[in-house]
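Since we're looking at a predicted model, the values are computed, not measured.
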Amino acid sequence: MPINKNYKQGKFKPKHPEKYNGDPTNIIYRSSYELKMFHYCDLTENIISYQSEEFCIAYRSPIDNKYHRYFPDFFVKYKDKDGTIRNLVVEVKPAKDLKMPETNPKRRTKSWAYSVKMWVVNQAKWEACREYCKDRNWEFRIFTEKDLGIQI
């Protein structure tokens, strides 16, 4: 797979550590997209609190038919325009990962097989997350670089 020049990882230092629900000295980001989301959560006034990968959701993988644990990227508590407190679970992904791989490519490469596997697993994770959120009256959204204002 080609190396993504936009890929970054490291520790995020919040300007408002009191907003982070967890250890604010150990906030890890695994991509420039996650870093951008951390900045957004930290600096946006109507976000009351946020956390990253602090809870898991069980899902059944269609690959091996076994249960696995899915750790959503973010959990955000925010105040909407009406003043209502809402809970939002956010997954951060590149837009290309939201497109189903070609079903019948000319060449079935390892890269294509991996993208198919990831597509199927992600669909199972996100469906389990939607159900989990629905049961709790929470929202679930997938943010891409477009949502985060990242130019590629």
Side-chain angles (χ1 to χ4, degrees), residues 1-101 114-152:
M1 295 186 102
I3 296 174
N4 182 348
K5 293 178 187 172
N6 295 322
Y7 185 81
K8 294 181 187 176
Q9 59 184 19
K11 280 193 173 186
F12 173 70
K13 284 184 141 181
K15 291 187 177 183
H16 303 282
E18 70 282 358
K19 288 176 71 172
Y20 188 74
N21 192 5
D23 181 356
T25 65
N26 194 30
I27 303 174
I28 307 295
Y29 62 90
R30 293 179 178 79
S31 70
S32 57
Y33 301 164
E34 287 184 10
L35 177 59
K36 184 84 172 189
M37 184 68 183
F38 277 121
H39 282 293
Y40 178 79
C41 290
D42 189 40
L43 300 175
T44 301
E45 198 172 303
N46 69 322
I47 292 182
I48 298 164
S49 66
Y50 64 100
Q51 61 189 43
S52 175
E53 297 185 0
E54 296 286 341
F55 70 96
C56 69
I57 298 169
Y59 74 97
R60 186 185 299 267
S61 170
I63 302 296
D64 62 10
N65 206 30
K66 293 181 181 175
Y67 278 96
H68 297 268
R69 298 182 312 162
Y70 164 49
F71 292 86
D73 290 329
F74 290 87
F75 179 77
V76 179
K77 186 174 284 207
Y78 71 98
K79 190 181 293 190
D80 72 10
K81 292 175 185 174
D82 300 329
T84 304
I85 306 295
R86 299 195 180 272
N87 295 304
L88 172 65
V89 175
V90 176
E91 182 65 23
V92 178
K93 283 282 186 235
K96 67 177 182 57
D97 288 356
L98 303 184
K99 295 178 186 156
M100 187 170 90
Y114 178 78
S115 67
V116 169
K117 179 181 174 182
M118 292 313 301
W119 168 260
V120 170
V121 169
N122 282 338
Q123 296 309 305
K125 287 179 183 180
W126 299 337
E127 184 54 37
C129 190
R130 284 185 190 95
E131 288 298 316
Y132 185 90
C133 290
K134 184 179 174 187
D135 290 346
R136 288 157 180 78
N137 200 27
W138 295 354
E139 302 168 57
F140 172 64
R141 286 202 42 211
I142 301 170
F143 284 18
T144 68
E145 63 274 13
K146 295 169 188 163
D147 298 301
L148 298 169
I150 297 170
Q151 302 298 318
I152 315 180

Next on the checklist: With side-chain contact (heavy atoms from CB on, under 4.5 Å) as the criterion, how do Phe140 and Glu91 come out once you've worked through the C-alpha distance, each side chain's angles and the decisive distance to 0.1 Å?
Outcome noted: CA-CA 8 Å; Phe140 172 64; Glu91 182 65 23; 4.2 Å; yes
Checklist entry - Tell me the side chain to side chain donor-acceptor pair (under 3.5 Å) pairs involving residues 46-68, sequence neighbours left out? => result Tyr20-Glu54, Asn21-Gln51, Arg30-Glu53, Arg60-Tyr67, Asp64-His68
Checklist entry - Heavy-atom count around Glu45 CD within 6.0 Å, excluding the residue itself: above 12? => result no
Item to check | Arg69, CZ: over 12 other non-hydrogen atoms inside 6.0 angstrom | outcome: no
Checklist entry - Are Val92 and Lys36 close enough, and set up right, to give a side-chain contact (heavy atoms from CB on, under 4.5 Å), and what steps lead you there? => result CA-CA 10 Å; Val92 178; Lys36 184 84 172 189; over 6 Å; no
Checklist entry - Can any side-chain N or O of Lys117 pair as donor or acceptor with the backbone N or O of Ile63 at less than 3.5 Å? => result no
Checklist outcome for this item: Of Tyr29, Phe74, Tyr33, Phe143, the one forming a ring-ring contact (aromatic ring centres under 6.0 Å, His included) with Phe38 is Phe74
Checklist entry - Please walk me through it: do Asn26 and Ile28 pass side-chain contact (heavy atoms from CB on, under 4.5 Å)? => result CA-CA 6 Å; Asn26 194 30; Ile28 307 295; 3.7 Å; yes
Checklist entry - Just by modelled atom types, is the Leu43 backbone N or O under 3.5 Å from a matching donor or acceptor in the Lys15 side chain? => result no
Checklist entry - Centres of the Phe55 and Tyr132 rings: under 6.0 Å? => result yes
Next on the checklist: The criterion is side chain to side chain donor-acceptor pair (under 3.5 Å); which residues satisfy it with Thr84, sequence neighbours excluded?
Outcome noted: none
Next on the checklist: Looking at Tyr40, I want to see if its OH is surrounded by more than 12 non-hydrogen atoms of other residues, nucleotides or ligands under 6.0 Å.
Outcome noted: no
Checklist entry - Considering residues, nucleotides and ligands other than Lys77, do more than 12 of their heavy atoms fall under 6.0 Å from its NZ? => result no
Next on the checklist: Going by ring pair (Phe, Tyr, Trp, His ring centres under 6.0 Å), name the residues that satisfy it together with Phe71, two or more places apart in sequence or in a different chain.
Outcome noted: none
Checklist entry - Distance-only, no hydrogens or angles: does the Glu145 side chain make a donor-acceptor pair with backbone N or O of Ala95 under 3.5 Å? => result yes
Checklist entry - Taking Asp147 for the side chain and Thr144 for the main chain, is one N or O donor matched with an acceptor at less than 3.5 Å? => result yes
Item to check | Heavy-atom closest contact (Ile47 atom, Cys41 atom, distance) | outcome: CD1-CA, 3.6 Å
